[in-house]
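Below is one structure; the comments refer to it alone.
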There are 2 protein chains.
Amino acid sequence: MGANLGAVRSHNTALVLGLLREAGAEGVSRLELAERTGLTPQAVSKITARLREAGLAAEAGRRASTGGKPRTVLRLVPEAGHAVGVHLDRDELRVVLADLDGAVVGERRTGLDLGAGAETVLGMVAGVVDGLVRDGLGLGLGGLGGFGGFGGFGEKGRAGGGTLLGVGVALPGPLDHARGVLHRVTGFPEWDGFPLREALGQRLGVPVVVDKDTNAAALGLSVGGEGGSFAYLHLGTGLGAGLVIGGRVHRGARTGAGEFGHQVIQLDGPLCECGNRGCVEVLCLTAVGRGEPGEAARVLGVGAANLAGLLDIDVVLLGGRTIARAPEVFAAGVREVLEARSRREGVLGGTVPVRVAAGGERVVAEGAAQLLLGPLFGRGDA
Amino acid sequence: MGANLGAVRSHNTALVLGLLREAGAEGVSRLELAERTGLTPQAVSKITARLREAGLAAEAGRRASTGGKPRTVLRLVPEAGHAVGVHLDRDELRVVLADLDGAVVGERRTGLDLGAGAETVLGMVAGVVDGLVRDGLGLGLGGLGGFGGFGGFGEKGRAGGGTLLGVGVALPGPLDHARGVLHRVTGFPEWDGFPLREALGQRLGVPVVVDKDTNAAALGLSVGGEGGSFAYLHLGTGLGAGLVIGGRVHRGARTGAGEFGHQVIQLDGPLCECGNRGCVEVLCLTAVGRGEPGEAARVLGVGAANLAGLLDIDVVLLGGRTIARAPEVFAAGVREVLEARSRREGVLGGTVPVRVAAGGERVVAEGAAQLLLGPLFGRGDA
DNA sequence: CCTACTTTCGCAACGCTGTTGCCAAAGTGC
DNA sequence: GCACTTTGGCAACAGCGTTGCGAAAGTAGG
């Protein structure tokens with residue numbers, strides 16, 4: 001909890017690295033970095049010098065002069081590091097290899113039966129990950145080792161395509177993010193209490209981070225440019241939410257946050273499989289089943305409006321397979337409820353916007369990779 | 001956003017000060033502080049030496065020996081600083097004077113008509129605050145001046161009963177916490193857009209912080225010992241919530257968070273004065289009006305369960321005049337809903353506990369004082 | 001082309017942070 | 001009374017961002 005000089009260093013380094021990533025290929029000058037961090041130009045120079053020495057940043061041309069020496073533009077070196085993102089769904093496995101920028105440089109996709117048993121699935125995941133890394137980075141796992149702070153980016157760790165930071169795994173159902181232990185994957189009781197993080201970490205020899213699929217997606221969207229606070233509502237075979245509050249994923253003490261599907265919005269309504277009555281999920285999915293996406297959107301909108309009012313978020317993002325089948329219908333329907341409510345209540349700052357999340361079906365896997373990449377840029381749990 | 005050495009210093013100082021406050025009259029030893037902050041004992045010695053020199057901390061006896069030199073116990077000096085908390089309600093004005101510990105050392109209470117106009121009310125508040133400070137600290141306002149960081153605790157600032165840090169004002173209705181501007185006090189349109197922070201600050205000559213009543217109460221309860229994350233549900237003439245997430249009050253970007261009363265839990269339910277249908281507030285208050293507190297508690301419980309599931313909070317606290325009339329009925333009713341839901345869903349870590357908030361009717365005013373005291377202990381907005 | 005000026009950015013010295021090594025102080029136990 | 005344990009202050013230290021200053025690299029005007 002207490003801060004020492006090392007903490008200052010890594011905090012400021014992460015901050016600068018984050019701004020470099022945001023700038024993308026266009027780059028940023030040292031003075032702009034100084035302005036945006038509140039640090040002195042000299043401090044930025046020292047920090048960027050360390051980053052350049054580590055191979056994480058590089059000079060990339062210069063700006064036009066404004067009457068004096070032109071500013072030197074710095075940019076992130078995306079190939080300096082990679083992370084693997086695994087989306088483990090009920091019937092599908094998707095694995096992506098992402099560089100520091102978050103850009104996908106390799107992808108594998110295959111069918112999967114989550115019920116085939118932990119060892120079988122684990123072996124499958126390990127095999128696909130190993131193959132992808134071997135192809136993408138030109139080397140296998142095992143010899144790479146982990147990544148311990150910034151010292152880890154020394155000469156030794158780099159080889160071929162750069163350091164592999166680790167593997168992020170996103171999957172549905174309650175789990176313990178901090179310990180990486182699954183709790184209860186709905187419909188697959190054989191996974192109860194499975195220590196996924198440790199098991200996969202030992203198998204692959206690199207750091208592994210586990211999170212709920214909705215949280216991973218929210219993290220990915222947050223790093224991808226959705227600043228501030230937002231809710232990602234995922235409507236697929238179930239309904240869940242990932243919450244980003246003040247730029248950080250909100251998981252709650254037990255990684256239980258985001259139980260959006262079982263918010264009750266209809267007292268004594270129809271019975272949900274969770275045992276309650278009138279949950280958003282059962283109302284929404286039965287409407288979809290009846291072929292009434294408009295009604296489903298309205299129900300989803302009521303839940304979204306509740307959430308937006310309670311947390312004062314900046315934007316609502318929609319995703320998931322069911323949304324993908326009629327994105328505009330859902331977006332419009334949810335938007336209408338939010339607009340109507342803000343009109344009546346005279347909410348400050350206007351209506352909360354509603355959008356369909358960018359990234360499509362790959363959003364969860366990309367977010368899973370960000371579980372490893374994010375901490376580099378100050379988006380981690382620390 | 002960037003951190004420099006001054007930031008490290010004030011962060012660690014606030015951390016130590018916070019642990020000293022938590023320890024209360026019992027005190028803490030330097031080594032315990034070192035363990036709990038993660039700092040070295042020597043760093044703690046330096047920090048506490050500064051605090052003792054500033055008059056904020058003092059030695060207070062020693063522990064029993066465990067085989068060597070006994071530990072010296074340090075404690076906070078509560079009289080080293082005070083803050084005023086103002087609870088501005090629709091029909092009542094309550095002002096408390098609190099010391100660094102948050103203990104109330106003086107209180108005034110009087111009837112009030114919020115509709116009497118801004119200038120009249122402002123004059124009344126200023127008069128009561130000035131009288132309370134004069135009696136409590138043995139000096140008037142004006143010569144005291146503000147408090148700028150830790151340098152402000154120099155010899156000059158202290159006089160009589162110690163430094164006055166400022167005045168915190170809590171009141172209902174939407175407002176802008178950052179700017180201290182009211183937006184819309186329900187039922188009193190003459191306050192729309194009133195710059196309360198600036199107006200009262202100029203009048204009193206000390207820093208003023210403005211916040212919603214529910215947020216102030218939540219802050220007070222958080223500092224008072226409710227650690228972690230919780231929701232404070234306030235049921236009085238209206239229904240609102242104050243949210244504490246990870247030890248910090250969550251206000252949202254526009255201070256709009258906590259709109260709990262108008263969460264819709266009954267699609268197409270009875271019309272609420274806000275224009276929506278089936279809000280928790282209208283369902284709950286009409287049940288109270290019908291003389292059915294049990295039904296009101298059930299409705300409140302459904303809303304609380306939605307909130308608890310969405311945010312994964314540690315505890316639900318109840319407060320407000322309506323709760324105070326039948327505290328056990330409400331607590332039991334809300335608890336029952338939460339227990340039933342967690343039983344059905346098999347929520348990890350058991351049921352979220354429900355309690356009636358400590359502090360009674362003074363909880364908002366005490367929390368308002370914490371708007372000034374909190375930042376000293378790392379509970380501020382920074 | 002040369003001079004004057006502006007702007008960027010690195011080197012060196014600095015102040016301040018927490019850390020480390022060492023030792024005096026203040027107890028207990030035999 | 002001696003040996004030992006534990007606490008906590010003094011002094012030297014390493015590392016952080018900051019400040020002062022000057023070299024580098026452009027533009028603008030004669």
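In the text below, chain A, chain B and the rest are named by the order of the sequence lines, each starting its count at 1. Note that the coordinates shown come from a computational prediction; the quantities given were computed from them, not determined experimentally.
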Under 3.5 Å, which donor-acceptor pairs link side chains of residues 220-229 of chain A to any protein atom two or more places apart or in another chain?
residue, atom, partner, partner atom, Å
A/Ser222, OG, A/Arg379, NH1, 2.7
A/Glu226, OE1, A/Arg355, NH2, 2.8
A/Glu226, OE2, A/Arg355, NH2, 2.5
A/Ser229, OG, A/Gly246, N, 2.9

Q.
I want to check something: taking the side chain as every heavy atom from C-beta on, are B/Val169 and B/Leu371 in contact at a cut-off of under 4.5 Å?
A. no
Taking side chain to side chain contact (heavy atoms under 4.5 Å, CB included) as the definition, give me every residue that meets it alongside [X], ordered by chain and number, with sequence neighbours left out.
{"X": "A/Arg179", "value": "A/Asp176, A/Val181"}
{"X": "B/Arg63", "value": "B/Glu32, B/Arg71, B/Val73"}
{"X": "A/Ala34", "value": "A/Pro41, A/Val44"}
{"X": "B/Thr40", "value": "B/Gln42, B/Ala43"}

In whole angstrom, what separates [X]'s [atom1] from [N]'s [atom2]?
{"X": "A/Glu53", "N": "C/dG10", "atom1": "CD", "atom2": "P", "answer": "13 Å"}
{"X": "A/Arg63", "N": "C/dT6", "atom1": "CZ", "atom2": "C1'", "answer": "18 Å"}
{"X": "B/Leu74", "N": "D/dG8", "atom1": "CG", "atom2": "C1'", "answer": "11 Å"}
{"X": "A/Arg71", "N": "C/dT8", "atom1": "CZ", "atom2": "P", "answer": "4 Å"}
{"X": "B/Leu31", "N": "D/dG9", "atom1": "CG", "atom2": "P", "answer": "10 Å"}

(Q) For a quick check of understanding: with a heavy-atom distance under 4.0 Å over all strands, which category does A/Thr72 fall into, base, sugar-phosphate or nothing? (A) sugar-phosphate
Q) Is there any salt bridge (charged side-chain N to carboxylate O under 4.0 Å, His left out) pair reaching into residues 36-47 of chain B, and which pairs are they, with sequence neighbours excluded? A) B/Glu22-B/Arg36
Q: Summarise how protein sits on nucleotides 21-30 of chain D as a single string, 5' to 3': B when a protein heavy atom is under 4.0 Å from the base, S for sugar-phosphate-only contact, - for no contact.
A: ---BBBS---
Q: Sugar-phosphate atoms are those with a prime plus P, OP1 and OP2; base atoms are the rest. Using that split, label each nucleotide of nucleotides 10-19 of chain D B, S or - for protein heavy atoms under 4.0 Å, 5' to 3'.
A: BB---BBBBB
Q. Can you check whether B/Ser45 has a side-chain N or O nearer than 4.0 Å to OP1 or OP2 of D/dG8?
A. no
Q) Which residues pass the side-chain hydrogen bond (donor to acceptor under 3.5 Å, both in side chains) test with A/Asp314, sequence neighbours left out? A) B/Arg254
